[in-house]
Chemist: 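Sharing a structure, written as structure tokens. Questions coming.
None of the values given here were measured: they were computed from a predicted structure.
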Amino acid sequence: MSEKKKVHRAPSPHPILSKENLSIIIDTFLRKAKKPLIAIVGPTASGKTSLSIQIAKKWKGEIINADSRQFYKGMDIGTAKILPEEKQEVPHFLLDFLNPDEQCPVAVFKKLADKKIEEIHKRNHIPMLVGGTGLFVDAIRHNFCIPKIPPQPEWRKQKEGHTSEQLYKELTEKDPHAAKCIDKKNRIRILRALEVYDVSGGNKISDLQKKGEKKWDTLLIGVWQDPDALALAIKKRTENIWQSGFLQETQSLLEKGYTEETPAMIAHGYREAMQFLKGTLPEEEAKYQMMRNTRRYAKRQRTWWRREKKMYWVNPTI
RNA sequence: GGCCGGGUAGCUCAGUGGUAGAGCAGUGGACUGAAAAUCCACGUGUCGGCAGUUCAAUUCUGCCCCCGGCCA
């Protein structure tokens, strides 16, 4: 009778499909699609991996990883990468192809993934894009035209001394439209827009960023768990990671000379573990921060996918 | 059983005779070559319960309940 005070939350997606209905939808989709692509997305720890294996086995799928931290060699435990025996003969691509000091930005990923998709089609199998990195999945689905201006290390170095305010002001003058779309303090995006302008000799990033004609017929499957349930899953997974040799894995990365500054180490978990190993963060605190940062990441992923109208949602726990 | 502290947002706690605020947690959102990144916005809660004083009580008083500590 007393009204419950509730945190204002966006409603859960609906409907949530049963496994049977999902099967029907996949069958129908595959019958009609000319160049099919099944994308399985959703927050971390929601159960994408095992669902992807079930689907791959039933429909001759081959899996392309779309999880940007799983590109890296030697980062298996902390990224909850699929184990060899869990693959159950299903081919996997774009896993373990980078060293931690290398990077694979969206544009590169897109090229690699598109190529893989074509190859899989040639084998008459079904390409499946599986992973949590929303931008990367969308780049493929929507066939993003990404301005062909690679990052310019020297240019960026030059800008290091500038404050974000100065950079933003510069952008307002050069590309007012872009400036309007970017937050004043979002240095990364401001820099990118400026970089495109300067290096291309005055082209505006907003003019260059387009969606091309769709290359693939995509079926979007979203894996959903309610936030509280997911928080629990994240807790369990983190405990599990911690007990499965995560510290040794991190230690060996340190021994290879990688540090918190190494590109791959923006991954949550590894940073905290490194701080613990160096003695600057107590173990409990490191673990706590890892869980918290994972939860926050999951929330951003929810936000990313929630807006999708053409999504088929499933919940693996029911 | 007696004495002393406390009970205020999910947590840790400020505070006021005119129905309240900070940190953390959390929530909503943005996202095209750094994306597990980066950035923006958001604080109504029976101020433990009941009664009394008062124009007015979360604030003062009394009783009760709960949690710590000390003494028996």
Side-chain angles (χ1 to χ4, degrees), chain A residues 1-11 43-45 65-72 75 78-81 98 100-112 131-153 155-156 164 167-168 178 180-193 195-196 199-200 204-212 227-228 230-231 234 237-238 241 260-273 285 288-307:
Chain A
M1 47 191 296
S2 69
E3 274 120 90
K4 284 287 272 185
K5 17 142 194 195
K6 277 234 171 90
V7 204
H8 175 254
R9 267 186 184 157
T44 185
N65 166 53
D67 191 314
S68 72
R69 294 307 98 181
Q70 297 189 1
F71 296 166
Y72 292 101
M75 293 172 64
T79 62
K81 206 180 278 173
L98 291 181
D101 54 358
E102 297 173 313
Q103 276 174 296
C104 175
V106 225
V108 176
F109 172 80
K110 181 166 188 300
K111 221 170 279 173
L112 296 172
T133 309
L135 175 65
F136 287 25
V137 173
D138 279 354
I140 306 297
R141 297 166 56 218
H142 295 131
N143 195 16
F144 280 175
C145 302
I146 298 156
K148 288 193 174 50
I149 292 150
Q152 312 287 319
W155 183 93
R156 291 186 183 191
S164 298
L167 294 170
Y168 187 75
K180 235 167 50 188
C181 301
I182 300 174
D183 290 307
K184 293 183 284 296
K185 289 186 184 162
N186 199 334
R187 180 172 248 269
I188 289 177
R189 297 193 58 218
I190 295 169
L191 272 172
R192 177 60 187 161
E195 176 178 65
V196 167
V199 174
S200 72
K204 294 177 178 162
I205 192 168
S206 37
D207 294 335
L208 300 174
Q209 290 175 335
K210 294 234 166 64
K211 287 178 185 173
D228 293 337
L230 194 69
I234 287 170
R237 172 186 272 187
T238 306
I241 285 174
E260 287 164 65
E261 312 303 322
T262 305
M265 296 311 153
I266 57 171
H268 46 241
Y270 290 93
R271 272 186 159 172
E272 295 87 341
E285 183 63 17
Y288 168 79
Q289 285 187 17
M290 177 172 176
M291 285 183 201
R292 183 201 57 192
N293 292 339
T294 308
R295 261 183 268 130
R296 288 176 175 173
Y297 174 49
K299 184 178 119 36
R300 273 175 269 134
Q301 291 173 305
R302 245 177 261 138
T303 301
W304 185 284
W305 295 113
R306 191 146 43 205
R307 61 189 170 181

Chemist: Quickly work out the A:Arg187 CZ to B:rC31 C1' distance and round it to whole Å.
Modeler: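 Computing the A:Arg187:CZ to B:rC31:C1' distance gives 19 Å.
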Chemist: Could you work out which one of B:rC39, B:rU27, B:rA35 sits closest to the side chain of A:Pro227?
Modeler: B:rU27
Chemist: Once you round it to whole Å, what is the distance between P of B:rA30 and CD of A:Gln209?
Modeler: 16 Å
Chemist: Side chain of A:Ile146 only, heavy atoms from C-beta on: which candidate in B:rU32, B:rA25, B:rA35 is closest?
Modeler: B:rU32
Chemist: On a whole-Å scale, what distance lies between the C1' atoms belonging to B:rG52 and B:rG1?
Modeler: 28 Å
Chemist: Taking the P atom in each of B:rG48 and B:rA30, what is the distance between them to the nearest angstrom?
Modeler: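 Comparing P positions in B:rG48 and B:rA30 gives a spacing of 40 Å.
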Chemist: Taking atom C1' of B:rC39 as reference, at what distance in whole Å does atom CG of A:Leu135 sit?
Modeler: 15 Å
Chemist: Any non-hydrogen side-chain atom of A:Arg69 less than 4.5 Å from a side-chain atom of A:Thr44?
Modeler: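 No. Closest side-chain heavy atoms not under 4.5 Å.
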Chemist: Roughly how many Å is it from CD1 in A:Ile188 to P in B:rC40, rounded to a whole number?
Modeler: 12 Å
Chemist: For a quick check of understanding: with a heavy-atom distance under 4.0 Å over all strands, which category does A:Val108 fall into, base, sugar-phosphate or nothing?
Modeler: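 Since a base atom lies under 4.0 Å of A:Val108, the category is base.
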Chemist: Write down the distance separating the C1' atoms in B:rC67 and B:rU8, rounded off to the nearest Å.
Modeler: 15 Å
Chemist: Students often get this wrong, so: under 4.0 angstrom with heavy atoms, is A:Phe71 touching a base, only sugar-phosphate, or nothing?
Modeler: nothing
Chemist: Quick one: look up who B:rU32 pairs with, Watson-Crick or G-U, both distances under 3.5 Å, and put none if it's unpaired.
Modeler: none
Chemist: Suppose you measure atom P in B:rA22 against the same atom in B:rC55; what distance do you get, rounded to whole Å?
Modeler: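 Their P atoms lie roughly 33 Å apart.
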Chemist: Measure from the side-chain N and O atoms of A:Glu195 to the backbone N and O of A:Gln152, and report whether any donor-acceptor pair falls under 3.5 Å.
Modeler: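 Yes, A:Glu195 side chain to A:Gln152 backbone: donor-acceptor pair under 3.5 Å.
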Chemist: Write down the distance separating the P atoms in B:rG2 and B:rU44, rounded off to the nearest Å.
Modeler: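 Those two atoms are separated by 41 Å.
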Chemist: Has A:Arg192 got a side-chain N or O lying under 4.0 Å from the OP1 or OP2 atom of B:rG33?
Modeler: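 So the side chain of A:Arg192 is within the cut-off, an N or O lying under 4.0 Å from OP1 or OP2 of B:rG33.
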Chemist: Confirm from the modelled atom types if A:Lys148 and B:rG33 form a donor-acceptor pair under 3.5 Å, side chain to base only.
Modeler: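 Answer no: no donor N or O sits under 3.5 Å from an acceptor.
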Chemist: Under a 3.5 Å cut-off for both distances, is B:rC24 Watson-Crick or wobble paired, and to whom?
Modeler: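 Base-paired to B:rG10.
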Chemist: Check this one for me: any side-chain N or O of A:Thr303 less than 4.0 Å away from OP1 or OP2 of B:rG28?
Modeler: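 So the side-chain polar atoms of A:Thr303 never come under 4.0 Å of the phosphate oxygens OP1 or OP2 of B:rG28.
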Chemist: By the 4.0 Å heavy-atom rule, please label A:Asn293 as base, sugar-phosphate, or nothing.
Modeler: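 A:Asn293: no heavy atom of the nucleic acid under 4.0 Å.
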Chemist: If we take the P atom in both B:rG18 and B:rG26, what is their distance in whole Å?
Modeler: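 Pairwise P distance, B:rG18 against B:rG26, rounds to 35 Å.
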Chemist: Strictly below 4.0 Å: does A:Arg292 bring a side-chain N or O up to OP1 or OP2 of B:rG26?
Modeler: no
Chemist: Checking all strands, does A:Ala10 fall into the base, sugar-phosphate, or nothing category for heavy-atom contacts under 4.0 angstrom?
Modeler: sugar-phosphate
Chemist: Check whether any side-chain N or O of A:Arg189 sits under 4.0 Å from OP1 or OP2 of B:rA35, and answer yes or no.
Modeler: no
Chemist: Would you mind pulling out the nucleotide paired to B:rA57, Watson-Crick or G-U wobble, both distances under 3.5 Å?
Modeler: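 Across all strands, not a single nucleotide pairs with B:rA57.
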Chemist: Treating A:Tyr297 as the side-chain partner and A:Pro43 as the backbone partner, does any N or O pair qualify as donor plus acceptor under 3.5 Å?
Modeler: no
Chemist: Is there a side-chain contact between A:Arg156 and A:Arg192, using heavy atoms and a 4.5 Å cut-off?
Modeler: yes
Chemist: Side chains of A:Phe109 and A:Thr133: closer than 4.5 Å at any heavy-atom pair?
Modeler: no
Chemist: To the nearest Å, how far apart are A:Lys180 NZ and B:rA30 P?
Modeler: 18 Å
Chemist: Between B:rU32, B:rC40, B:rA35, which nucleotide has the shortest distance from any of its atoms to the side chain of A:Trp304?
Modeler: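 Given the options B:rU32, B:rC40, B:rA35, the side chain of A:Trp304 is closest to B:rA35.
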Chemist: Does NZ or CZ of A:Arg302 fall inside the cone over A:Trp305's six-membered ring, less than 6.0 Å from its centre and within 45° of the axis?
Modeler: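 No - A:Arg302 does not lie over the ring of A:Trp305 by the 6.0 Å and 45° rule.
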Chemist: Side chain of A:Arg9: nearest nucleotide among B:rG28, B:rC31, B:rA34?
Modeler: B:rG28
Chemist: If you find the nucleotide of RNA chain B closest to A:Lys299 and the one closest to A:Pro151, which residue's nucleotide is nearer the 5' end?
Modeler: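 First, find each residue's nearest nucleotide; the 5'-ward one identifies A:Lys299.
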Chemist: I need the CD-C1' distance between A:Gln152 and B:rG33, as an integer number of Å.
Modeler: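 Roughly 10 Å, once rounded to whole Å.
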Chemist: Using a heavy-atom cut-off of 4.0 Å across all strands, would you classify A:Lys211 as base, sugar-phosphate, or nothing?
Modeler: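 Touches a base.
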Chemist: Quick check: does any side chain N or O of A:Tyr270 sit under 3.5 Å from a backbone N or O of A:Gly78, one acting as donor and the other as acceptor?
Modeler: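 Flag set: sc A:Tyr270 to bb A:Gly78 pair under 3.5 Å.
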Chemist: Does A:Ser164 reach the side chain of A:Lys184, with side-chain heavy atoms less than 4.5 Å apart?
Modeler: no
Chemist: Without swapping roles, check the side chain of A:Glu272 against the backbone of A:Gly269 for a donor-acceptor pair under 3.5 Å.
Modeler: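 Looks like yes, one N/O pair under 3.5 Å.
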Chemist: Suppose you measure atom C1' in B:rU59 against the same atom in B:rG29; what distance do you get, rounded to whole Å?
Modeler: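 Comparing C1' positions in B:rU59 and B:rG29 gives a spacing of 39 Å.
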Chemist: For the side chain of A:Gln103, counting heavy atoms from C-beta on, which of B:rG26, B:rC31, B:rA34 is nearest?
Modeler: B:rA34
Chemist: On RNA chain B, check which nucleotide each of A:Gly78 and A:Cys181 is closest to and give me the residue with the more 5' one.
Modeler: A:Cys181
Chemist: Between A:Arg296 and B:rG26, is there a side-chain N or O to OP1/OP2 distance below 4.0 Å?
Modeler: yes
Chemist: With a 4.0 Å limit, can you tell me whether A:Arg306 has a side-chain N or O closer than that to the phosphate oxygens OP1/OP2 of B:rG28?
Modeler: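 Yes, such a contact exists.
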Chemist: Between B:rU32 atom P and A:Leu191 atom CG, what is the distance in whole Å?
Modeler: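 In whole Å, B:rU32 P and A:Leu191 CG are 14 Å from each other.
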Chemist: Give A:Phe109 one of three labels, base, sugar-phosphate or nothing, depending on what nucleic acid heavy atoms sit under 4.0 Å from its own.
Modeler: nothing
Chemist: Rounded to whole Å, please give me the gap between CZ in A:Arg302 and C1' in B:rG26.
Modeler: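 After rounding, the gap between these two atoms is 11 Å.
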Chemist: When the P atoms of B:rU19 and B:rC31 are considered, how many whole Å apart are they?
Modeler: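 It comes out at 42 Å once rounded to the nearest Å.
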Chemist: Could you tell me which nucleotide pairs with B:rC3 by Watson-Crick or G-U wobble geometry, both distances under 3.5 Å, or answer none if nothing does?
Modeler: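 With both distances under 3.5 Å, B:rC3 matches B:rG69.
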Chemist: Once you apply a heavy-atom cut-off of 4.0 Å, does A:Pro147 come out as touching a base, just sugar-phosphate, or nothing?
Modeler: base
Chemist: Picking from B:rG28, B:rA30, B:rC39, which would you name as closest to the side chain of A:Arg307?
Modeler: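 Closest of the options to the side chain of A:Arg307: B:rA30.
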Chemist: Please classify the nucleic acid contact of A:Thr294 as base, sugar-phosphate, or nothing, using heavy-atom distances under 4.0 Å.
Modeler: nothing
Chemist: Hey, is the side chain of A:Gln301 poking within less than 4.0 Å of OP1 or OP2 on B:rA35, counting only N and O atoms?
Modeler: no
Chemist: Return the nucleotide paired to B:rC50: Watson-Crick means purine N1 to pyrimidine N3 with N6-O4 or O6-N4, wobble means G-U with N1-O2 and O6-N3, both under 3.5 Å.
Modeler: B:rG62
